Amino acid sequence: MLANFLNKSKPINFIGITILFFLGYLFFVFKEISKQTITIEILLSYCIIFGFFLILFFIFNFIVVKNSLTLDNLFAFFFFTLFTFAILPKITNNSILIILLVHLLALRKIYSLRSPQSVLEKLFDAGFWLGVLFILQPQTLIFIPLIYSAIYLYHRINIHSLLIPFIGWITPLILYFTYTLWLGQIESFSHLFELNFNSSFAFYSTTKFIFLVIYLACITVLSFVIKTKKTIGINNSFRKKWILITAHLMLSLLYIILISDKNGAELMFSAFPVTVILANGVEMIASKKAKNMALLFILVSALCFYFTP
């Protein structure tokens, strides 16, 4: 039944999944406000946060559907909402959601490079959004190679394709430098380049998140192997998409490993490639009964993780 519902990317199905997330979000909000005095400002902040989630969901689904990263279904979007719900307490913060939004806007341009239309504009826009992302979260510098991976896969490497992403990236930095110079706060700009990387996993070793990491690693590797065996030997357009998704996954894992301030929210940077890979793995399951069981298992796992103290 669950497989039938998710098997078509109809607007009504998208709305249905969003409503399910909304119900889970309401539970989270009621639990949070029970710990504090309820005010209009607090309720408004939770409404704004939910608005951010709606935008994230729309952009995520747009990227997946527009670039045909899965078949015509909502498996990836379903997994993305479950991923989001599982770590909801760690990401219900306006600053974190803005960072994730900018990250998705950059991914939208990078994955759209598969198309030969307006390539130079897309390269500039992708670099620009990664530049904004760098200002918000300097460690995201790690994702810059993803642009050049897309260039290598879909276009020629030349002086224009090499320089334009850099020009796009440096544009918001010049604007930010001018802003800090005007305010006499130039140290805020210089701090961006003091990249603090730390491969310590102390946070994960002392929290339940270690189980989430192990669980996601297992089902992602399984899905990746299943899909790769069929994809790598076929010379079609999807093989290039799969290679790009793989590069994206590797960079997101590197980001999670090296970011200094680990609190669980950084896992959202792997949500895009992980959920797309899971969706492609589930698509490979021929038996409808087995597919329903796999979907139900992932659903229950996400709920169990959220409700586990």
Side-chain angles (χ1 to χ4, degrees), residues 41 45 48-49 51-53 55-56 59 84 87-110 122-151 162-207 209 213 247-273:
E41 290 77 11
S45 68
I48 292 173
I49 287 172
F52 271 117
F53 282 123
I55 297 172
L56 290 176
I59 296 176
T84 304
I87 62 173
L88 195 56
K90 297 296 182 179
I91 58 176
T92 47
N93 178 286
N94 288 336
S95 60
I96 293 175
L97 291 173
I98 290 173
I99 291 172
L100 293 175
L101 174 59
V102 174
H103 180 63
L104 281 181
L105 289 173
L107 294 181
R108 175 175 173 266
K109 292 299 180 180
I110 293 173
K122 291 175 182 176
L123 288 174
F124 179 87
D125 290 345
F128 180 87
W129 286 117
L130 284 180
V132 174
L133 190 62
F134 174 75
I135 294 173
L136 297 173
Q137 178 63 277
Q139 288 92 343
T140 55
L141 186 71
I142 288 172
F143 290 100
I144 286 182
L146 191 61
I147 299 179
Y148 293 100
S149 298
I151 295 172
L162 288 174
L163 285 181
I164 289 179
F166 175 74
I167 294 172
W169 182 79
I170 203 172
T171 298
L173 269 71
I174 293 174
L175 295 175
Y176 183 63
F177 172 78
T178 304
Y179 173 74
T180 57
L181 185 63
W182 176 265
L183 294 180
Q185 300 175 355
I186 194 67
E187 65 278 358
S188 297
F189 179 80
S190 60
H191 285 165
L192 293 177
F193 299 91
E194 298 174 2
L195 300 177
N196 296 315
F197 291 115
N198 188 345
S199 58
S200 171
F201 277 82
F203 167 79
Y204 291 98
S205 63
T206 57
T207 66
F209 276 82
V213 170
H248 187 182
L249 177 65
M250 295 299 104
L251 290 172
S252 65
L253 293 179
L254 184 62
Y255 173 80
I256 293 170
I257 291 171
L258 294 181
I259 189 171
S260 57
D261 187 21
K262 295 180 177 65
N263 62 5
E266 65 279 355
L267 292 176
M268 278 300 294
F269 282 88
S270 69
F272 189 98

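Just so it is clear, the structure is predicted and the values come from calculations on it, not from any experiment.
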**Student:** What residues form a ring-ring contact (aromatic ring centres under 6.0 Å, His included) with Y255, not counting sequence neighbours?
**Tutor:** F143, F269
**Student:** I need the minimum non-hydrogen distance between A265 and I96, along with the two atoms involved.
**Tutor:** CB-CD1, 4.1 Å
**Student:** Check ring-ring contact (aromatic ring centres under 6.0 Å, His included) between W169 and all other residues, then give those that pass, not counting sequence neighbours.
**Tutor:**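 W169: ring-ring contact (aromatic ring centres under 6.0 Å, His included) contacts with F134.
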**Student:** Is there side-chain contact between L267 and I256, with heavy atoms separated by less than 4.5 Å?
**Tutor:**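 L267 reaches I256 side chain to side chain.
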**Student:** What heavy-atom pair brings L133 and I99 nearest, and what distance separates the two atoms?
**Tutor:**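 Where L133 meets I99 most closely, the heavy atoms are CD1-O, 3.4 Å.
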**Student:** Enter the distance from I110:CD1 to L123:CG here, rounded to the nearest 0.5 Å.
**Tutor:** 9.5 Å
**Student:** Hey, what do you get for CD (E41) to CD1 (I48), rounding to the nearest 0.5 Å?
**Tutor:** 10.5 Å
**Student:** Among pairs that include at least one residue of residues 125-150, which meet salt bridge (charged side-chain N to carboxylate O under 4.0 Å, His left out), considering only residues two or more places apart or in two chains?
**Tutor:** K109-D125
**Student:** Atom OH of residue position Y179 - does it have more than 12 heavy atoms of other residues, nucleotides or ligands inside 6.0 Å?
**Tutor:** no
**Student:** Taking side chain as C-beta onward, heavy atoms only, is L107 less than 4.5 Å from H248?
**Tutor:** yes
**Student:** Just jot down the side chain to side chain donor-acceptor pair (under 3.5 Å) partners of E266, sequence neighbours excluded, or say none.
**Tutor:**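 Listed in chain order: Y204.
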**Student:** Go through the structure and list residues passing side-chain contact (heavy atoms from CB on, under 4.5 Å) with P145, not counting sequence neighbours.
**Tutor:** L251
**Student:** Between side-chain atoms of residues 170-178 and protein atoms elsewhere (two or more places apart, or another chain), which donor-acceptor pairs fall under 3.5 Å?
**Tutor:**
from, atom 1, to, atom 2, distance (Å)
T171, OG1, I167, O, 2.7
T178, OG1, I174, O, 2.8

**Student:** Hey, could you give me the CD1/CG distance between I59 and L104, rounded to the nearest 0.5 Å?
**Tutor:**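 That separation rounds to 6.0 Å.
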**Student:** Under 3.5 Å, side-chain donor or acceptor atoms of residues 184-196 against the rest of the protein: list the pairs with distances, not counting sequence neighbours.
**Tutor:**
from, atom 1, to, atom 2, distance (Å)
S190, OG, E187, O, 2.9
H191, ND1, E187, O, 3.3

**Student:** Do F209 and K90 have side-chain heavy atoms sitting under 4.5 Å apart?
**Tutor:**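 Contact flag for F209/K90 side chains = yes.
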**Student:** Provide the full list of side chain to side chain donor-acceptor pair (under 3.5 Å) pairs with a residue in residues 92-104, sequence neighbours left out, each pair given once.
**Tutor:** N93-S95
**Student:** Would you name the heavy atoms of F203 and G264 that are closest together and state the gap between them?
**Tutor:** CE2-N, 3.4 Å
**Student:** Excluding sequence neighbours, so at least two apart, what forms ring-ring contact (aromatic ring centres under 6.0 Å, His included) with Y148?
**Tutor:**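 Applying ring-ring contact (aromatic ring centres under 6.0 Å, His included) to Y148 gives none.
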**Student:** For L249, which residues count as a side-chain contact (heavy atoms from CB on, under 4.5 Å) partner, sequence neighbours excluded?
**Tutor:** T220, S252, L253, P273, V274, I277
**Student:** Does any N or O in the side chain of K262 come within less than 3.5 Å of the main-chain N or O of I257, such that one atom is a donor and the other an acceptor?
**Tutor:**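 Yes, K262 side chain to I257 backbone: donor-acceptor pair under 3.5 Å.
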**Student:** Please list, chain by chain and in numerical order, all residues satisfying side-chain contact (heavy atoms from CB on, under 4.5 Å) with A247, sequence neighbours excluded.
**Tutor:** L146, S149
**Student:** Calculate, to the nearest 0.5 Å, the distance between atoms CD1 and CE belonging to I91 and M268 respectively.
**Tutor:** 4.5 Å
